[in-house]
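For this chain, numbers begin at 1 and follow the sequence in order. This is a predicted model, so every value here is computed, not measured.
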Amino acid sequence: MRGLLPFFRGLHTVTNRQAKRRAGIVGSRCGLCGTQSVNKPQPRFGLLFDIDGVLVRGRMLIPAAKVAFEKLVDSQGRFVVPVVFVTNAGNCLRQTKADQLSHILGVPITHDQVIMSHSPLRMFKKFHDKCVLVSGQGPVLEIADNVGFKNVISIDMVRESYPLLDMVDHNRRPKLPSSPLVNLPKIEAVVLFGEPVRWETNLQLIIDVLLTHGNLNTPHQTHAVPHLPLLACNMDLMWMAEANSPRFGHGTFLVCLENIYKKITGVDLKYEALMGKPSELTYHFAESLIRSQALQRQWELPITSLYAIGDNLMTDIYGANMYNRFLEERAARKNPKAVAKVAAATGSSAAMPGGEEEIDSMWESELALPSATSCKSILVCTGVYNPNAEVPSDASRCIKETVFHGHRDFRFDPALVEPGHIVKDVAEAVDLIFQQEKFVPQ
């Protein structure tokens, strides 16, 4: 607990160090194209960047991000180290987010460098042929198709087929009693991409689907257990946009859904899987993309260290530290099943799909086992984290223990929300990493 108190006693920053050479940016070439010259330094580390609160605030670029990325590309616009953007956003395709980042950062970025909260869903192949209900905003049907689902129903499709189910907004109620306009197929699973626009509609219809076991022509069965498989992406309680204070995220929506379900049924809502930060699965997926970049650039040295830069203690820092714990245990035991021990330590059985054997087979079939031995967390002060928060008068009751903003299924562990470093912004984070790795781009 003592390690958390410096969060409230002032801001610790590292000394700014100028890169020995600031690379120019050429946007016409892919940042991953080309081979690596033997005369240039080869990295043994990869960078995982959060986006909101680290690189941007809403649609506004954080100035330090521009400075940071000038240090990360060479004169031909190619990245000098492997870089992946790991966001809990889930309202667009990876290519769309890559295009947005390319435009705002002035650096060519491909979709293979972006992980959305829903990206790991492509590994859940046992659900891809099932009829699934999807919730969120943006092109949800296109997103579902992109990650592999073949039979998808949206909340809007349910509402149009069963207009009597959505009754909160009096202006949207049907004027005359009606029967289902189209008989939808029986829903077999529910996938939550992110926070929807109309929370009352989504909450009502998701509860309806869960309590009817996917058959909306039947009444609720409040004692029917277990309910349909539920997969959720993005556990962020809050996120940082242009406003002075954080805004509600999908984690807040999940809190509402969980509490409504329990109030009606008396039992906890269960998740088949939770994806996005801080889930270990998301970080393992990110590491696989880091390795792919190194292979594409023909960098021969193995990537042994990951650095995760974020602004949120409960997602970015918690997730990076949890993955680091898994990597350390795996390295010590030389046993990939150590991931189950990490899940037990964090109190999360839903963070990874199924049991140990399913986890191992999924990772082995879809991704290579980890090659990194560490994942180091760096907290920036340009987003959710507030370095000027007051010190609690009773140090024995640290606010980070009494107010846990992580998901219900992740047990609070003070060590997992303590960053390896706290810096002012992402530019200082890149300087710090280059200094620690003794890496000098040429």
One thing to verify: whether [Y] and [X] come together as a salt bridge, which I'm taking to mean a side-chain N less than 4.0 angstrom from a carboxylate O.
| X | Y | value |
| --- | --- | --- |
| K66 | E70 | no |
| D413 | R325 | yes |
| K277 | D236 | no |
| D166 | R198 | no |
| R330 | E328 | no |

Considering all heavy atoms of both residues, which atom of [X] and which atom of [Y] are nearest to each other, and what is their separation?
| X | Y | result |
| --- | --- | --- |
| H128 | R122 | CE1-O, 3.3 Å |
| S371 | I303 | OG-O, 3.4 Å |
| D112 | L289 | O-CD1, 3.3 Å |
| Q137 | V197 | OE1-CG2, 3.8 Å |
| G310 | D50 | CA-CB, 3.9 Å |
| P278 | T315 | CB-O, 3.6 Å |

| A65: side chain to side chain contact (heavy atoms under 4.5 Å, CB included) partners, not counting sequence neighbours |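 Side chain to side chain contact (heavy atoms under 4.5 Å, CB included) list for A65, sorted by chain: L55, L61, L105, V426.
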| field | Within 6.0 angstrom of E142 CD, more than 12 heavy atoms from elsewhere | value |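 Open.
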Side-chain heavy atoms of [X] within contact of [Y], under 4.5 Å:
| X | Y | answer |
| --- | --- | --- |
| L306 | F45 | no |
| E272 | L230 | no |
| I115 | T282 | yes |
| Y261 | V267 | yes |

| message | Is there a side-chain contact (heavy atoms from CB on, under 4.5 Å) between Y307 and L48? Walk through the geometry before answering. | response | CA-CA 6 Å; Y307 290 88; L48 312 180; over 6 Å; no
I'd like to know if the side chain of [X] and the backbone of [Y] have a donor-acceptor N/O pair within less than 3.5 Å.
| X | Y | result |
| --- | --- | --- |
| R44 | T304 | no |
| H250 | M235 | no |
| N324 | L327 | no |
| T382 | G53 | yes |
| D316 | N312 | yes |
| Q436 | I433 | no |
| Q293 | V83 | yes |
| K186 | H213 | yes |

| Should F248 and W239 be marked as a side-chain contact (heavy atoms from CB on, under 4.5 Å) after you check the CA-CA gap, both sets of side-chain angles, and the distance that decides it? | CA-CA 7 Å; F248 289 160; W239 66 288; over 6 Å; no
| message | Test: ring-ring contact (aromatic ring centres under 6.0 Å, His included). Region: residues 188-210. Which pairs qualify, not counting sequence neighbours? | response |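 Non-adjacent pairs meeting ring-ring contact (aromatic ring centres under 6.0 Å, His included): H118-F193, W199-F253.
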| Output field: ring centroids Y318/H407 closer than 6.0 Å |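 No - the distance between ring centres of Y318 and H407 does not fall below the 6.0 Å cut-off.
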| said: With no hydrogens and no angle check, just 3.5 Å: does a side-chain donor-acceptor pair link N202 and S135? | reply: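 N202 vs S135: donor-acceptor pair found between side chains.
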| query | Which is it for D431 and Q435 under the side-chain hydrogen bond (donor to acceptor under 3.5 Å, both in side chains) test, yes or no, and what are the steps along the way? | reply | CA-CA 6 Å; D431 284 341; Q435 175 188 345; over 6 Å; no
| Chi angles and distances behind the side-chain hydrogen bond (donor to acceptor under 3.5 Å, both in side chains) call for S154, R159 | CA-CA 9 Å; S154 69; R159 184 179 175 276; over 6 Å; no
| task | Would you please test L254 and Y271 for side-chain contact (heavy atoms from CB on, under 4.5 Å) and show each step? | result | CA-CA 11 Å; L254 297 181; Y271 294 94; 3.8 Å; yes
